[in-house]
Amino acid sequence: MKIETKCLHAGYTPKNTEPRVVPIVQSTTYVYDSTDDVAAVFDDPTKSLIYSRFENPTVMAVEDKIAALEGGIGAMCTSSGQAASLLSLLNILKAGDSFISAATIYGGTINLFAYTLKKLGIECIFVDADASESEIRAAFKPNTKAVFGETLANPALTVFDIEKFAKIAHENGVPLIIDNTFPTPILCRPIEFGADIVIHSTTKYMDGHAVQGGGVIVDSGNFDWTNGKFPEFTEPDESYHGTIYTKTYGKAAYIIKARMQLMRDFGCYPSAQSAFYLNLGLETLHIRMKEYCVNAMKVAEYLEANKHVESVNYPGLASNKYHELAKKYLPDGTSGVISFIIKGGRSAAVKFMDSLKLASNEVHVADIRTCVLHPASATHRQLTDEQLVAAGINGGLVRLSVGLENVEDILDDLRQAFAALD
Ligand SMILES: *Cc1c(COP(=O)(O)O)cnc(C)c1O
């Protein structure tokens, strides 16, 4: 199936007389004919469903769809993007380990990596995503077990050179985890460029309608966990009657371990209802992503020619520093998110934003409706000035998430808000 068809059909194939639409299975529990049947499921939890803290048929249909869209062998949904980032790493790392992350990533992820994981004894080594190969190699320590980056960083909109990082991660025997939230698998499929694990905040374009939060972890099945660096995969898991994940589950070791160990213990699994809404969003994802790109390109060109605008950051523009990388990784467009710096810094940016009528001030991005956010006073408020610079944020920076309204209405709104600055 082509990707558009997968959006509609992957993950759920109803049989004779079954519902056409993925049903909402609103049940915490599943029944078995006998105690022996229950025992068998505990011996091999992949054989049947156990409990809705980590398995539900509605959610699993969506997991299979997203795995198909990304080209992975399996996926696990989480109740937020943050939970997906956390579990994707905890499935590999323990206290005393380190991992490398691009510095230009989502502000919430920086908090998780720099502060919360540190409290758990896990060190994040931040590197400049544009660093040379030798600088990135030099950042590895003997205890470094993973590399992390965002395909299209929120909100810096830097394009991550997936192949460069995949090569260096693999030379060091560790997996590359990619947060592919902004492009979605419609615009980029990181596994095709060597990523081992792909995660998303499904709260953004995948849901698309701003109706429910969620996340997902997708396993490519390509990483070799038996290379000696990952004993948790190759030695018996005492918490699961001595299961050796690589031996019992082969290529699916990572994603099954994530569910059977981490989701079992942390329980951040989405509800069936949430998965149902997410699935509705996914059905039209391929159409929406293309339209966001068309609208955003027109808005980016308008902003670039505007006298109040110091600079526009949209990798789709030929003038953008990341345009060449965007052509390689995001040939069909670079999403609806644009950031730009208004002349006059923080006060001008705030005045402009407060003058907008159609575009709303939201702590959200990738909504179906046009929305704006001032990163320095919102998502990146916790960061020090140095971290702000490292994350590519300026006081006059506005993050504009172009929606699916008629682009002329979006442009009219921007024009009248800029007029307030005259
Ligand atoms: C929003 C976001 C997250 C966090 O996801 P939540 O669903 O808000 O928990 C992670 N990464 C990126 C790139 C995001 O935009």
Side-chain angles (χ1 to χ4, degrees), residues 59 62 66 70 75-90 101-117 124 126 129 148-160 162 177-188 190 195 197-218 266 268-271 274-275 277-278 281-282 285 289 292 313 315 322 329-330 334-339 362-368 371-373 375 378-383 391-393 397 399-402:
V59 183
V62 177
I66 296 174
E70 284 289 6
M76 181 178 78
C77 284
T78 56
S79 52
S80 69
Q82 287 296 100
S85 307
L86 174 66
L87 297 194
S88 73
L89 285 160
L90 284 188
S101 172
T104 36
I105 51 173
Y106 173 64
T109 312
I110 294 180
N111 285 336
L112 171 65
F113 288 3
Y115 301 106
T116 303
L117 286 182
C124 178
F126 287 104
F148 186 99
E150 283 177 24
T151 317
L152 187 54
N154 175 11
L157 301 178
T158 50
V159 180
F160 190 73
I162 301 171
I177 304 173
I178 293 290
D179 180 337
N180 195 36
T181 297
F182 274 9
T184 83
I186 303 302
L187 301 180
C188 179
I197 310 295
V198 176
I199 66 160
H200 288 272
S201 164
T202 61
T203 316
K204 314 294 164 53
Y205 286 120
M206 281 190 166
D207 161 72
H209 302 76
V211 293
Q212 43 87 32
V216 69
I217 303 174
V218 182
F266 289 95
C268 46
Y269 203 55
S271 70
S274 290
Y277 291 134
L278 173 56
L282 292 172
L285 186 65
M289 291 317 294
Y292 284 119
N313 185 9
Y322 295 95
Y329 292 109
L330 301 152
T334 61
S335 89
V337 188
I338 301 172
S339 65
E362 273 175 39
V363 184
H364 192 36
V365 64
D367 192 351
I368 199 158
C371 59
V372 285
L373 183 85
T379 44
H380 287 64
R381 201 174 179 75
Q382 322 303 335
L383 304 191
I393 316 295
L397 184 78
R399 187 183 69 189
L400 171 65
S401 177
V402 177

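Just so you know, ligand 1 is whichever comes first in the structure, and atom 1 is the first atom listed for that ligand. Nothing here was measured: the structure is a model prediction, and the numbers come from that model. This chain uses plain numbering: 1 for the first residue, then up along the sequence.
Using a 4.0 Å cutoff on heavy atoms, A83 does not count as a contact of ligand 1.
Atom numbering of ligand 1 starts at 1 in the shown order; those under 4.0 Å from a heavy atom of Q82 are 4 (C), 5 (O), 6 (P), 9 (O). With ligand atoms numbered from 1 in the order given, ligand 1 contributes 7 (O) to contacts under 4.0 Å with heavy atoms of G214. Counting the atoms of ligand 1 from 1 in the order shown, those under 4.0 Å from a heavy atom of D179 are 10 (C), 11 (N), 12 (C), 13 (C). If you number the atoms of ligand 1 from 1 as listed, the ones under 4.0 Å from a heavy atom of E150 come out as 13 (C). Ligand-side atoms of ligand 1 in range of S80: 7 (O), 9 (O), range being under 4.0 angstrom from any heavy atom.
Counting protein heavy atoms only, atom 6 (P) of ligand 1 is closest to G81 N, 3.3 Å. When only non-hydrogen protein atoms are considered, atom 14 (C) of ligand 1 lies nearest to K204 NZ, 2.9 Å. The single protein non-hydrogen atom nearest to atom 7 (O) of ligand 1 is T203 OG1, 2.6 Å, given as residue, atom name and distance.
Checking side-chain atoms of Y329 against main-chain N and O of I162 turns up a donor-acceptor pair under 3.5 Å.
Nearest heavy atoms, P315 versus L152: CG-CD1, 3.8 Å.
Of the inter-residue distances, the one linking N180 atom CG with I199 atom CD1 reads 9.5 Å to the nearest 0.5 angstrom.
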